[in-house]
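Note that the structure is predicted; figures quoted are calculated from it, not measured.
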Amino acid sequence: TPYNAVLSILVGKDAMFGAIMMLFVSEVLRFVYTCNDEKKKITKVFDCIRFILFGIGMCLFRTNGFYAFILFAICFVLIFIKDWKKVLLRVGVILAVTLLIKGPVMNALDIKQPDIAESLHVPEQQISRIIVNDRDLTDYERTMLENVADLSYVKPFYVPSFADNIKELIRAGHQEVITENKLEYAKLYVTLGLKYPSDYLFAWKDLAENIIYPEGNYDVAIIEGVYNNEIGVSHNGIIGGKVLLKLRELAVKIPNYIPVYGFLFSMGAFTWLFIISFMLILTNKKDRKRIVVLIPAIALILSLLLAIPSAGEFRYATSYILLAPFVLCIFKNINVSSNEENQ
């Protein structure tokens with residue numbers, strides 16, 4: 001899969017977060033397979049340390065990683081309630097260190113947290129859809145929205161599959177008004193949704209449909225070079241030539257012509273891989289605990305469905321696509337009830 005080659009040399013938060021997720025899930029898998037084994041104490045300590053370190057990384061590298069971990073932690077505790085000491089130690093330390101870093105440490109170092117506009121991609125698009133469709137707004141509703149941004153720019157800026165334009169419009173306005181009046185704007189969001197549910201639904205669909213639909217339309221493995229920067233780092237390709245360029249072009253286009261192979265380039269296909277695997281493990285009574293290995297990927301998918309900023313960015317699915325090999329691991333040596341036991 002050519003995108004793996006691209007990701008292996010890509011210095012960016014999506015590739016790094018995907019790598020951290022692989023390390024974390026590998027420790028979850030290790031826990032599932034060996035939590036009841038008789039191991040040396042030093043081995044148990046190192047297993048626990050790795051689990052905690054990679055869990056902290058999951059929480060800190062991306063905001064949706066933190067939310068995904070919270071869902072994972074709840075499921076982890078419930079599934080392994082008999083081993084509650086081992087589980088709570090890991091989950092408790094991860095959450096404590098994460099909250100310490102995201103709170104007092106970052107505040108002391110004057111590190112800015114993501115702003116409110118960054119956290120509300122889907123609501124921003126949904127309300128913008130109402131404005132673009134010229135729906136009726138009461139004077140109160142319009143005033144509330146105008147206090148945040150200039151509504152005259154919504155129509156020219158609105159792109160159904162891309163939320164960043166509206167996000168920047170809000171940043172150019174007064175996003176602090178939302179922060180200072182969260183309850184009022186939450187009520188406004190619900191009220192508008194009840195009045196115009198179809199606008200909300202289609203705005204969400206345009207952003208999130210590629211996470212579910214296997215035949216999505218987006219570019220894969222096209223990132224190259226170095227972004228413009230102020231420190232003089234530039235891209236100087238050593239290997240070139242028409243043959244190499246043609247091979248690269250074919251590698252990226254082949255999925256459009258070969259059935260099944262194209263699913264390796266599909267966000268939606270990997271989503272269904274995890275959903276189907278989740279359902280299969282759920283039906284197995286003896287090895288149902290292995291389902292916890294899939295929870296981080298499922299949680300990441302849910303976080304994207306709730307807050308994905310763009311339908312055309314394959315990189316947002318990197319974190320859970322790289323976890324796909326672990327699906328094979330959970331089905332290894334799985335116990336299946338015999339016919340006699342079923343009888």
### Task
Please test N147 against Y185 for side chain to side chain contact (heavy atoms under 4.5 Å, CB included), starting from the C-alpha separation and ending with a verdict.
CA-CA 11 Å; N147 287 339; Y185 278 94; 3.9 Å; yes
### Query
Looking at CG of D47 and CD1 of I52, how far apart are the two atoms once the value is rounded to the nearest 0.5 Å?
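Output value for this atom pair is 11.0 Å.
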Atom pairs and distances, donor-acceptor, side-chain atoms in residues 150-163, under 3.5 Å, two or more places apart:
unit_1, atom_1, unit_2, atom_2, d
D150, OD1, S152, N, 3.1
D150, OD1, S152, OG, 2.7
D150, OD2, S152, OG, 3.4
K155, NZ, D134, OD1, 2.9
K155, NZ, D134, OD2, 2.9
Y158, OH, R129, NH1, 3.1

### Task
Determine whether L29 and I330 make a side-chain contact, defined as any pair of heavy atoms from C-beta on separated by less than 4.5 Å.
yes
### Query
Is there a donor-acceptor pair closer than 3.5 Å between any side-chain N or O of Y67 and the backbone N or O of A299?
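Checked: no pair found.
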### Message
Do I116 and I170 have side chains that approach each other closer than 4.5 Å (heavy atoms only, starting at C-beta)?
### Response
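When only atoms from C-beta onward are counted, I170 and I116 do not touch, as no gap falls below 4.5 Å.
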### Message
When you group the ILVMFWY residues by side-chain heavy-atom contacts below 4.5 Å and let the links chain together, are Y140 and V148 in the same group?
### Response
yes
### Task
Taking salt bridge (charged side-chain N to carboxylate O under 4.0 Å, His left out) as the test, write out the residues that go with K246, two or more places apart.
E249
### Summary
K205 meets the salt bridge (charged side-chain N to carboxylate O under 4.0 Å, His left out) criterion, sequence neighbours left out, with E209
### Summary
Sorted by chain and residue number, the side-chain hydrogen bond (donor to acceptor under 3.5 Å, both in side chains) partners of R135 (sequence neighbours excluded) come out as D199
### Message
Does any part of the side chain of T63, heavy atoms only, come nearer than 4.5 Å to the side chain of S119, both counted from C-beta?
### Response
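A side-chain contact is absent here, since even the closest heavy-atom pair is not under 4.5 Å.
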### Task
Go through the steps to decide whether K187 and E184 satisfy the test salt bridge (charged side-chain N to carboxylate O under 4.0 Å, His left out), and finish with yes or no.
CA-CA 5 Å; K187 289 179 180 178; E184 288 79 2; over 6 Å; no
### Message
Which heavy atom of T318 sits nearest to which heavy atom of R315, and what is that distance?
### Response
OG1-O, 2.9 Å
### Hphob cluster co-occupancy, I308 + I166, side-chain heavy atoms under 4.5 angstrom
no
### Task
First locate atom CG of D115, then atom CD of Q113, and finally report the distance between them rounded to the nearest 0.5 Å.
11.0 Å
### Query
If you take all heavy atoms of Y316 and L304, which pair is closest and at what distance?
O-CD1, 3.3 Å
### Query
Between D287 and R290, is there a donor-acceptor pair closer than 3.5 Å when you use the side chain of the first and the backbone of the second?
no
### Task
Mind checking ring-ring contact (aromatic ring centres under 6.0 Å, His included) for Y33 and listing every partner two or more places apart, or none if nothing turns up?
none
### Query
Partners of E168 by salt bridge (charged side-chain N to carboxylate O under 4.0 Å, His left out), sequence neighbours excluded?
R171
### Task
Locate the shortest heavy-atom distance separating D136 from E141; write the atom from each residue and the value.
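Smallest interatomic distance, heavy atoms only, reads O-OE1, 4.4 Å.
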#### Entry: Whether Q175 side chain and A117 backbone form a donor-acceptor pair below 3.5 Å
yes
### Task
Please check if the side chain of N229 supplies one atom and the backbone of G232 the other of a donor-acceptor pair under 3.5 Å.
yes
### V32 with I49, same ILVMFWY side-chain cluster at under 4.5 Å
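Different clusters.
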### Message
For a side chain to side chain contact (heavy atoms under 4.5 Å, CB included) check, start with the C-alpha distance between Y320 and T271, then their side-chain angles and the critical distance, and finish with the verdict.
### Response
CA-CA 8 Å; Y320 70 86; T271 296; 3.1 Å; yes
Side-chain polar contacts of residues 91-110 - donor-acceptor pairs under 3.5 angstrom, sequence neighbours left out - could you list them?
unit_1, atom_1, unit_2, atom_2, d
T98, OG1, I94, O, 2.7
N107, ND2, G103, O, 3.1

### pair I291-N284: side-chain heavy atoms closer than 4.5 Å
no
#### Entry: Nonpolar side-chain network containing V233, other nodes, edges under 4.5 Å
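Cluster partners of V233: V226, I231.
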#### Entry: Results of salt bridge (charged side-chain N to carboxylate O under 4.0 Å, His left out) for K289 - residues two or more places apart only
none
### Message
Minimum heavy-atom separation for R288 and L282, please, with both atom names.
### Response
NE-O, 3.0 Å
### Message
If hydrophobic clusters are built by linking Ile, Leu, Val, Met, Phe, Trp and Tyr wherever their side-chain heavy atoms come under 4.5 Å apart, do F265 and I258 end up in the same one?
### Response
yes
### Task
Starting at CD1 of I321, measure out to CG of L264 and round the result to the nearest 0.5 Å.
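The CD1 atom of I321 sits 9.5 Å away from the CG atom of L264.
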### Message
Applying a strict under-4.5 Å side-chain criterion to I, L, V, M, F, W and Y, I'd like to know whether L53 and V25 cluster together.
### Response
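L53 and V25: separate clusters.
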### Message
Once side-chain hydrogen bond (donor to acceptor under 3.5 Å, both in side chains) is applied, do any residues pair with R90, and if so which ones, sequence neighbours excluded?
### Response
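For R90 there are no side-chain hydrogen bond (donor to acceptor under 3.5 Å, both in side chains) partners, ignoring immediate neighbours.
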### Task
Might you work through the ring pair (Phe, Tyr, Trp, His ring centres under 6.0 Å) test for F61 and F66, ending with a clear yes or no?
CA-CA 8 Å; F61 251 76; F66 176 58; over 10 Å; no
### Results of side-chain hydrogen bond (donor to acceptor under 3.5 Å, both in side chains) for K13 - residues two or more places apart only
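Counting only residues at least two positions away or on another chain, K13 forms no side-chain hydrogen bond (donor to acceptor under 3.5 Å, both in side chains).
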### Query
Is there a side-chain contact between L323 and F274, using heavy atoms and a 4.5 Å cut-off?
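Yes. Closest side-chain heavy atoms under 4.5 Å.
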### Query
Side chains of F326 and L294: closer than 4.5 Å at any heavy-atom pair?
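They are not in contact (no side-chain heavy atoms under 4.5 Å apart), so the answer is no.
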### Message
salt bridge (charged side-chain N to carboxylate O under 4.0 Å, His left out) for D139 and R142? Distances and angles first, verdict last.
### Response
CA-CA 5 Å; D139 291 339; R142 184 170 293 278; over 6 Å; no
### Query
Quick one: are L328 and F331 in side-chain contact, heavy atoms under 4.5 Å?
no
#### Entry: Closest heavy-atom pair and its distance - L306, V122
O-CG2, 3.1 Å
### Summary
Rounded to the nearest 0.5 angstrom, the OG-CZ distance for S319 and R62 is 7.5 Å
### Query
How long is the span from the OG1 atom in T191 to the CE atom in M144, to the nearest 0.5 Å?
9.5 Å
### Message
Quick check: do Q125 and D206 have side-chain heavy atoms less than 4.5 Å from each other?
### Response
no
### Query
Looking at Y200, Y189, W204, which hits side chain to side chain donor-acceptor pair (under 3.5 Å) with Q126?
Y189
### Heavy-atom pair with the smallest gap, counting every atom of G65 and F17
CA-CZ, 3.6 Å
### Message
Looking at S266 and F263, would you say the former's side chain and the latter's main chain have a donor-acceptor pair under 3.5 Å?
### Response
no
Which side-chain N or O atoms in residues 69-82 pair as donor and acceptor under 3.5 Å with protein atoms at least two apart or in another chain?
none

### Task
Evaluate side chain to side chain contact (heavy atoms under 4.5 Å, CB included) for K44 paired with K41, printing each intermediate quantity in order.
CA-CA 5 Å; K44 293 179 181 179; K41 189 173 182 179; 5.5 Å; no
### Query
Charged N to carboxylate O under 4.0 angstrom, D164 versus K167?
yes
### Message
Just verifying a value: how many Å separate L305 CG and N64 CG, rounded to the nearest 0.5 Å?
### Response
11.5 Å
